[in-house]
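Since this is a predicted model, take the numbers as computed values, not measurements. Along the sequence shown, residues carry numbers from 1.
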Amino acid sequence: MSACMTDFSGVLCGRRYEKELETHFRDCLLFYLDGKIRFERYCYGEAAGLVFGVWARGFDEEDNILWDNVPDFEMARKALPHRLTDVEENGNALQFDRARKRYLFTEEFSSDKANGYGTFRTLLLRRRFGKKRD
């Protein structure tokens, strides 16, 4: 399939994909204009909040995600998707590791200050990668 690093980032700053049918956690993949990927796991309930987040440099030639720092604890390692196996619905649904649950497109965002993608950086990235708003 050979996914390009910026295929799923949209044209603003990035796009968020959430794992469907999750009950205990909310797993999100964020794709940015510069090709970086961020995985974030949130918990539900009284202690709702971010459990952990991991950055990736993008995809290799075989569509494996190149994670920068894999977490030490086993539950987090098992939560990370590793290989993109299918793209459905014109890029709005992504399947990893041939799992039944897919990651569905939920939003396109224009900046993400919490992760270092403020307005100025986003404008520079759009200019560099030639992405224009419709």
Side-chain angles (χ1 to χ4, degrees):
M1 184 176 353
S2 192
C4 179
M5 291 192 313
T6 59
D7 281 349
F8 311 114
S9 66
V11 296
L12 298 176
C13 171
R15 293 177 102 191
R16 175 186 306 277
Y17 291 80
E18 290 187 23
K19 196 171 191 180
E20 66 182 348
L21 306 172
E22 279 295 322
T23 55
H24 300 297
F25 298 103
R26 188 178 98 196
D27 291 344
C28 302
L29 281 173
L30 292 85
F31 293 87
Y32 294 95
L33 286 176
D34 58 1
K36 291 187 179 176
I37 303 169
R38 179 157 174 85
F39 175 86
E40 295 179 339
R41 172 168 268 191
Y42 296 88
C43 66
Y44 290 121
E46 293 179 21
L50 180 66
V51 177
F52 73 94
V54 181
W55 284 98
R57 296 181 305 277
F59 293 103
D60 67 9
E61 301 82 32
E62 297 172 355
D63 297 329
N64 294 307
I65 298 178
L66 302 170
W67 296 112
D68 288 337
N69 294 315
V70 177
D72 292 334
F73 46 104
E74 185 178 345
M75 181 190 80
R77 284 194 309 269
K78 286 183 178 180
L80 293 177
H82 297 285
R83 186 169 187 269
L84 180 65
T85 53
D86 197 12
V87 178
E88 302 169 353
E89 302 174 20
N90 295 322
N92 290 324
L94 308 176
Q95 181 187 38
F96 290 90
D97 307 317
R98 301 208 183 282
R100 182 179 60 86
K101 295 180 182 180
R102 305 173 302 168
Y103 284 82
L104 303 176
F105 169 69
T106 57
E107 96 178 278
E108 186 164 353
F109 45 91
S110 58
S111 67
D112 186 3
K113 290 181 183 177
N115 288 317
Y117 291 87
T119 306
F120 183 70
R121 181 176 182 192
T122 301
L123 290 172
L124 291 175
L125 288 172
R126 269 194 247 150
R127 187 172 184 189
R128 179 177 174 195
F129 293 104
K131 299 244 180 172
K132 295 187 174 59
R133 294 175 84 170
D134 292 335

Worksheet item: Is the backbone of G116 close enough, under 3.5 Å, to the side chain of R121 for a donor and an acceptor to pair up by distance?
Response: yes

Worksheet item: Are there more than 12 heavy atoms of other residues, nucleotides or ligands under 6.0 Å from atom CD of E74?
Response: no

Fill in: Any donor-acceptor N/O pair, R83 side chain to E62 backbone, under 3.5 Å
yes

Worksheet, complete the sentence: Checking Y17, F59, F8 against I37 for side-chain contact (heavy atoms from CB on, under 4.5 Å), the one that qualifies is F59

Worksheet item: So if you build clusters from Ile, Leu, Val, Met, Phe, Trp, Tyr with side-chain heavy-atom gaps below 4.5 Å, do F31 and V87 land together?
Response: yes

Worksheet item: What is the distance from atom CZ of R26 to atom SG of C43, rounded to the nearest 0.5 Å?
Response: 10.5 Å

Discussion item. Taking F25 as the starting point, is it possible to reach L94 by hopping between hydrophobic residues whose side chains are less than 4.5 Å apart?
Written reply: yes

Worksheet item: Are any of the side-chain heavy atoms of R15 and N92 separated by less than 4.5 Å?
Response: yes

Worksheet item: What's the shortest heavy-atom distance between T119 and S111, and which atoms?
Response: N-CB, 4.3 Å

Item to complete: For T106 and R16, indicate whether the former's side chain and the latter's backbone hold a donor-acceptor pair under 3.5 Å.
Response: yes

Worksheet item: If two hydrophobic side chains count as joined below 4.5 Å and joins carry through other members, does L29 share a cluster with L104?
Response: no

Worksheet item: Does the side chain of E108 come within less than 4.5 Å of V11's, by heavy atoms?
Response: yes

Worksheet item: Quick one: do W55 and Y42 end up in the same hydrophobic cluster if we chain Ile, Leu, Val, Met, Phe, Trp and Tyr together by side-chain heavy atoms under 4.5 Å apart?
Response: no

Discussion item. Keeping E40 on the side-chain end and L50 on the backbone end, is there a donor-acceptor pair under 3.5 Å?
Written reply: no

Worksheet item: Got a sec, which hydrophobics cluster with Y44, joining ILVMFWY side chains under 4.5 Å apart, including via others?
Response: none

Worksheet item: Of all residues at least two apart in sequence or in a different chain, which pass the ring-ring contact (aromatic ring centres under 6.0 Å, His included) check with Y103?
Response: F96

Worksheet item: Who passes side-chain hydrogen bond (donor to acceptor under 3.5 Å, both in side chains) against R41, sequence neighbours left out?
Response: D27

Discussion item. Quick check on N90: does its CG atom have over 12 non-hydrogen neighbours (other residues, nucleotides or ligands) under 6.0 Å away?
Written reply: no

Practice prompt. Could you check whether the rings of F52 and F39 sit parallel, tilted or perpendicular, using 30° and 60° as the cut-offs?
Written response: tilted

Worksheet item: Are any side-chain N or O atoms of R126 and backbone N or O atoms of C13, one a donor and one an acceptor, separated by less than 3.5 Å?
Response: no

Discussion item. Run the salt bridge (charged side-chain N to carboxylate O under 4.0 Å, His left out) test against D72 and tell me which residues pass, sequence neighbours left out.
Written reply: none

Practice prompt. State the CD1-CG distance between I65 and L84, to the nearest 0.5 angstrom.
Written response: 7.5 Å

Discussion item. Both conditions, 6.0 Å and 45 degrees, for the charged tip of R38 above the ring of Y32: are they met here?
Written reply: no

Worksheet item: Measuring from R128:CZ to D34:CG, what's the distance to the nearest 0.5 Å?
Response: 7.5 Å

Item to complete: Please check if the side chain of S110 supplies one atom and the backbone of L12 the other of a donor-acceptor pair under 3.5 Å.
Response: no

Discussion item. According to salt bridge (charged side-chain N to carboxylate O under 4.0 Å, His left out), who are the partners of E20, at least two apart in sequence or on a separate chain?
Written reply: R102

Worksheet entry | Side chain proximity check, D68 to R57, heavy atoms < 4.5 angstrom | yes

Item to complete: Not counting sequence neighbours, which residues clear ring-ring contact (aromatic ring centres under 6.0 Å, His included) with F120? List them please.
Response: none

Worksheet entry | Over all atoms of both residues, closest heavy-atom pair of G10 and L33 | O-CD2, 3.5 Å

Worksheet item: Is a donor on one side and an acceptor on the other found under 3.5 Å between the side chain of D97 and the backbone of H82?
Response: yes

Discussion item. side-chain contact (heavy atoms from CB on, under 4.5 Å) for R100 and L21? Distances and angles first, verdict last.
Written reply: CA-CA 10 Å; R100 182 179 60 86; L21 306 172; 3.8 Å; yes

Worksheet item: Got a second to check how far E18's CD is from L30's CG, nearest 0.5 Å?
Response: 9.0 Å

Worksheet item: How about Y117 and L125: do any of their side-chain heavy atoms sit closer than 4.5 Å?
Response: yes

